[in-house]
Amino acid sequence: SSILVVDSIPDASISAAGPFCQNEGVKVLSPAINVGGTFTATSYLDTLGNFDPFIALAGTHKVFYSFTDAKGCSNTDSSTVVVDSIPDASISAAGPFCKNEGIQTLSPAINTGGTFTATAYLDTSGNFDPFVANVGSHKIFYSFTDGKGCSNTDSSIVVVDSIPDASISAAGPFCKNEGIQT
């Protein structure tokens, strides 16, 4: 009589990961139990589990992990990783403004509810003071975070033009009988 031994299949499960924002940077996926296996490499995942959401792009991605135990038994498992898109933080075109034009309100092109980076001439709501900014090109920034916690920052250039010279050349004194003078 013979005894036949059947070894169990090793656990190759992957720890839950994500969702990740597309611009969040490389994330490390890991096995749930048995370390020492390999992830199936793709353009956005290496064999060590380094997952790049920026290369993966927004969407759902299936990843695979394989593990072989000391008895030579192996298993492969899969998991899905969700990547959320980067929200639009673009700013509506504004300007050029004249230096003496008064406070101007800048606005986001699409997603409201974010904040402008405050400076001496711009508040977080987008109120831009050309007089304080002075003549020249000024880089402004707007940041927005969506309902999924993904954020983005964009920038725009606002130009302030100089005030034209409206001074009058000195004239006179004139004699009462000199006639019309220009």
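Computed over heavy atoms, backbone and side chain alike; hydrogens, waters and symmetry mates excluded. The residues of the chain are indexed from 1 along the displayed sequence. Owing to the predicted nature of the structure, the values given are computational and were not obtained by experimental measurement.
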Subject >> Over all atoms of both residues, closest heavy-atom pair of Ser137 and Val159 >> reply: OG-CG2, 3.8 Å
Original post:
Donor-acceptor pair, Asn152 side chain versus Pro87 backbone, under 3.5 Å?
Top reply: yes
Without placing hydrogens or testing angles, list every side-chain donor-acceptor pair under 3.5 Å for residues 14-24, not counting sequence neighbours.
from  : atom 1 : to     : atom 2 : distance (Å)
Ser15 : OG     : Pro31  : O      : 3.4
Asn23 : ND2    : Ser151 : O      : 2.8
Glu24 : OE1    : Cys21  : N      : 2.5
Glu24 : OE2    : Lys27  : NZ     : 3.3

Original post:
Nearest heavy-atom pair of Pro96 and Glu101: which atoms, and what distance?
Top reply: O-OE1, 4.4 Å
**OP:** Determine whether Asn127 and Leu122 make a side-chain contact, defined as any pair of heavy atoms from C-beta on separated by less than 4.5 Å.
**Re:** no
Original post:
Are the ring centres of Tyr121 and Phe128 closer than 6.0 Å?
Top reply: yes
Subject >> Gap separating the CG atom of Leu29 from the OG atom of Ser79, nearest 0.5 angstrom >> reply: 8.0 Å
**OP:** To the nearest 0.5 Å, tell me how far Tyr65 OH sits from Ser78 OG.
**Re:** 14.0 Å
Original post:
Is the Tyr44-Phe51 ring centre distance short of 6.0 angstrom?
Top reply: yes
Original post:
Are Lys99 and Asn134 close enough that some pair of their side-chain heavy atoms sits under 4.5 Å apart?
Top reply: yes
Original post:
Taking all atoms of both residues into account, what is the closest heavy-atom pair of Ser13 and Asp77, and its distance?
Top reply: CA-OD2, 3.3 Å
**OP:** Heavy atoms only: give me the nearest Ser85-Cys150 pair and the separation to one decimal.
**Re:** O-CB, 3.8 Å
Original post:
Among pairs that include at least one residue of residues 29-111, which meet disulfide (SG to SG under 2.5 Å), considering only residues two or more places apart or in two chains?
Top reply: none
Subject >> Intermediate values then yes/no, side-chain contact (heavy atoms from CB on, under 4.5 Å), His61 and Val83 >> reply: CA-CA 8 Å; His61 306 280; Val83 176; 3.7 Å; yes
Subject >> Heavy-atom closest contact (Ala89 atom, Tyr142 atom, distance) >> reply: O-CD2, 3.4 Å
Original post:
Side-chain contact, heavy-atom cut-off 4.5 Å: Thr115 with Thr117?
Top reply: no
Original post:
Mind checking whether Val158 and Ile103 sit in one hydrophobic cluster, side chains of I, L, V, M, F, W, Y counted as touching below 4.5 Å?
Top reply: no
**OP:** Flag yes if Val132 and Ile140 sit in one hydrophobic cluster, no otherwise; membership is Ile, Leu, Val, Met, Phe, Trp, Tyr, and two members link when side-chain heavy atoms are under 4.5 Å apart.
**Re:** yes
**OP:** Give the cluster check for Phe54 versus Val26: same hydrophobic cluster or not, with ILVMFWY residues linked at side-chain heavy-atom distances below 4.5 Å.
**Re:** no
Original post:
Quick one: are His138 and Val160 in side-chain contact, heavy atoms under 4.5 Å?
Top reply: yes
Original post:
Would Ile86 end up clustered with Ile55 when hydrophobic side chains under 4.5 Å apart are linked, directly or stepwise?
Top reply: no
Subject >> Asn34 CG to Asp11 CG distance, which is reported to the nearest 0.5 Å >> reply: 6.0 Å
Original post:
Got Thr40 and Thr38 here, is their nearest side-chain heavy-atom distance under 4.5 Å?
Top reply: no
**OP:** Identify the heavy atoms of Val28 and Asn50 that sit nearest to each other, and give their distance.
**Re:** CG2-OD1, 3.4 Å
Original post:
Under 4.5 Å between any side-chain heavy atoms of Asp146 and Asn111, yes or no?
Top reply: no
Original post:
Are any of the side-chain heavy atoms of Leu48 and Phe39 separated by less than 4.5 Å?
Top reply: no
